[in-house]
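Given the structure is predicted, the values throughout are model-derived calculations rather than measurements.
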2 protein chains.
Amino acid sequence: MILTDNQRAVLNFIQRYIATHGVAPKLQEIAEGIGIRSRGVAHRYVQALADAGYLAIDSGKHRGIRLLRENPHQPQTTLPLLGKIAAGKPIEAIPGEDEINLLDFFGKNNFAVRVQGDSMIDAGIFDGDIAVIEFRETANDGDIVVALIDEEETTLKRFKRSSQGRFIELIPANKDMETMVYGAHRVRIQGVLVGQLRKY
Amino acid sequence: MILTDNQRAVLNFIQRYIATHGVAPKLQEIAEGIGIRSRGVAHRYVQALADAGYLAIDSGKHRGIRLLRENPHQPQTTLPLLGKIAAGKPIEAIPGEDEINLLDFFGKNNFAVRVQGDSMIDAGIFDGDIAVIEFRETANDGDIVVALIDEEETTLKRFKRSSQGRFIELIPANKDMETMVYGAHRVRIQGVLVGQLRKY
DNA sequence: CGCATCTGAGAACATATTGAGAACACGATG
DNA sequence: CATCGTGTTCTCAATATGTTCTCAGATGCG
């Protein structure tokens, strides 16, 4: 069965939509996606694609389109790690470490925050970067933590206890800023920095 | 099982709530969180998510929702993005931007390299960081590129043409190091920096 | 032209999904 | 125990979405 141009456009749109959103589009969205206004027409295309075996329809259900043939959208989670850079031959593989798995950045209790301000700039954490935080209520000296001060202000700083734990120092990584010291009861740990991402 | 839009919204809300508060939300809070007023409706959504295997209910108990495996069907590729940090109230959601998708770091031609040396330290790229590179043979002025010099040495530097393209400047981001200038034919671009990861 | 095919609009209908809220059971708390 | 808050179940109604249809226009072809 040969697909018409518009059928191919619909199939392509559905594939892209699922790759982006993780769920199938609604007929209304398909229609808009290929520049028409009729849900009925969109349905006709989807039906044709189903007849041709490209996808299946969970009849009646909202977003009830499932792709068949193509890869059932198993997202790639690793990148080839090609070697060290800035030294040596073109790019050499590193023995024993040949890919990086992004899933390492996930844990049950991880979340992300966008960093604002320059207080950790000397630690390579810049304004606009995304910090990956593991939710925890305790931290060790030297950890970089998300700390809530007086239940009011949240900040990302290096953590250190002092005076047998009666005080907590929050140390910025920026030589123009000064360490802040609080009574232990005024500081609540919300999480510990476990990773960092930046997108250019 | 396909989740409806609101079911996904509820799941997302619960995940974010638990990440920030450490305990599960009440049905009333879930309802408010997705903009409805009925506890009964919220319960219907939670029940549906339990049926789909995303969470478990300690029946009857207050706040008796437990998250199960983060995603029963697919590897998780997004992290909840909880808000900006270092300013303002505890952690606020950012309207319209509530998760970060790690698949953004993938492209057809992406690969990763581990950075060695301090030549880009002022750009927040530290020794040991992982740079995500898109394989390309051309670059624009200002891009950070992986450059192969004399088919021998590979380096990560900021790229700039000069003298009508006859020379290429490779500019480090480190005030202790100097810009290197090469004849255009001696430099071959291997890729352009599109992202950066660090794991603590 | 007459005909077939592809296309788009939109009406009409069935049902999936949603929201409100009442009523009741039971856990939490003093 | 007594009270309140919370979870649970239920019905009713409204809205959104999928489905099927008819009508109409455009295009290509014998």
Side-chain angles (χ1 to χ4, degrees), chain A residues 1-18 20-68 73, chain B residues 1-68 72-73 96 98:
Chain A
M1 179 147 184
I2 298 175
L3 299 184
T4 68
D5 289 354
N6 279 6
Q7 286 167 1
R8 224 184 318 280
V10 168
L11 179 59
N12 192 281
F13 174 81
I14 293 173
Q15 288 171 338
R16 275 187 292 124
Y17 191 101
I18 292 180
T20 315
H21 297 78
V23 292
K26 294 181 284 199
L27 289 177
Q28 183 69 54
E29 292 170 329
I30 294 174
E32 288 166 4
I34 64 167
I36 62 176
R37 279 183 294 174
S38 165
R39 277 180 297 149
V41 173
H43 181 266
R44 189 200 290 154
Y45 287 126
V46 171
Q47 188 61 55
L49 290 169
D51 291 344
Y54 286 89
L55 44 81
I57 303 176
D58 270 350
S59 196
K61 296 289 179 63
H62 294 189
R63 300 186 185 279
I65 294 173
R66 282 174 297 118
L67 287 176
L68 296 180
H73 183 54
Chain B
M1 176 135 183
I2 300 173
L3 299 184
T4 69
D5 292 358
N6 280 9
Q7 286 166 4
R8 244 172 298 109
V10 167
L11 179 59
N12 190 284
F13 174 82
I14 293 173
Q15 289 171 337
R16 278 187 289 139
Y17 190 101
I18 293 181
T20 40
H21 296 75
V23 294
K26 294 182 286 197
L27 289 176
Q28 184 68 53
E29 292 170 328
I30 294 173
E32 288 166 5
I34 64 167
I36 63 175
R37 280 182 292 175
S38 165
R39 275 179 298 147
V41 173
H43 181 266
R44 189 203 289 155
Y45 287 127
V46 171
Q47 187 62 54
L49 290 170
D51 291 344
Y54 287 87
L55 44 81
I57 303 176
D58 272 349
S59 197
K61 297 287 179 63
H62 294 188
R63 300 186 184 277
I65 294 173
R66 281 174 298 116
L67 287 177
L68 298 181
H73 305 304
D98 54 5

S.K.: Please name all residues satisfying side chain to side chain contact (heavy atoms under 4.5 Å, CB included) with A9(B), sequence neighbours left out, ordered by chain then number.
M.R.: I34(B)
S.K.: Using a cutoff of under 3.5 Å, can you pull out all pairs of nitrogen or oxygen atoms linking the protein to nucleotides 3-7 of chain C, with atom names and distances?
M.R.:
residue, atom, partner, partner atom, Å
dT7(C), OP1, T4(A), OG1, 3.2
dT7(C), O5', Y45(A), OH, 3.2

S.K.: Specify the closest pair of heavy atoms between A24(A) and I65(A), including all atoms of both residues, with the distance to one decimal.
M.R.: CB-O, 3.4 Å
S.K.: Report the residues that fulfil side chain to side chain donor-acceptor pair (under 3.5 Å) with Q47(A), sequence neighbours left out, ordered by chain and then residue number.
M.R.: D51(A)
S.K.: Holding to side chain to side chain donor-acceptor pair (under 3.5 Å), I want the full list of residues that pass it with D5(B), two or more places apart in sequence or in another chain.
M.R.: R63(A), R8(B)
S.K.: Which pairs pass side-chain hydrogen bond (donor to acceptor under 3.5 Å, both in side chains) with one or both residues in residues 33-46 of chain B, sequence neighbours excluded?
M.R.: N6(B)-Y45(B)
S.K.: Show, in sequence, the C-alpha distance, side-chain angles and deciding distance for Y54(B) and I14(B), and conclude whether the side-chain contact (heavy atoms from CB on, under 4.5 Å) test is met.
M.R.: CA-CA 11 Å; Y54(B) 287 87; I14(B) 293 173; over 6 Å; no
S.K.: Check the distance between dT17(C)'s C1' and L3(B)'s CG and give it to me in whole angstrom.
M.R.: 13 Å
S.K.: So where does chain B start and stop touching DNA chain D, 5' to 3', when the test is distance under 4.0 Å to a non-hydrogen atom?
M.R.: dG5(D) to dT9(D)
S.K.: Less than 4.5 Å apart, any side-chain heavy atom of V23(A) and any of I18(A)?
M.R.: no
S.K.: For a quick test of reading the model, state the closest non-hydrogen atom pair linking V46(B) to L55(B) and the distance between them.
M.R.: O-CD1, 3.6 Å
S.K.: Whole angstrom is fine here: how far is it from CD in Q28(A) over to C1' in dG8(C)?
M.R.: 14 Å
S.K.: To check you understand the geometry: which heavy-atom pair defines the closest contact between I30(B) and P25(B), and what is its length?
M.R.: CG1-CG, 3.6 Å
S.K.: Quick test: give all pairs of protein nitrogen or oxygen and nucleotides 24-30 of chain C nitrogen or oxygen below 3.5 Å, distance rounded to 0.1 Å.
M.R.:
none

S.K.: Below 4.0 angstrom from OP1 or OP2 of dA20(C), is there any side-chain N or O of R37(B)?
M.R.: yes
S.K.: Tell me, please, which residues at least two apart from A48(B) pass side chain to side chain contact (heavy atoms under 4.5 Å, CB included).
M.R.: Q7(B)
S.K.: The criterion is salt bridge (Lys or Arg N to Asp or Glu O under 4.0 Å); which residues satisfy it with E32(B), sequence neighbours excluded?
M.R.: none
S.K.: Could you check I57(A) against Q47(B) and say which one's nearest nucleotide on DNA chain D is further toward the 5' end?
M.R.: Q47(B)
S.K.: So, using side chain to side chain contact (heavy atoms under 4.5 Å, CB included) as the criterion, who are the partners of A56(B) when residues are at least two apart?
M.R.: R66(B), L68(B)
S.K.: The helix from dC1(C)-dG30(D) to dG30(C)-dC1(D): angle between its terminal axes, five pairs each, to 10°?
M.R.: 30°
S.K.: Test of understanding: with ring pair (Phe, Tyr, Trp, His ring centres under 6.0 Å), list the residues that count as partners of F13(A), not counting sequence neighbours.
M.R.: Y17(A)
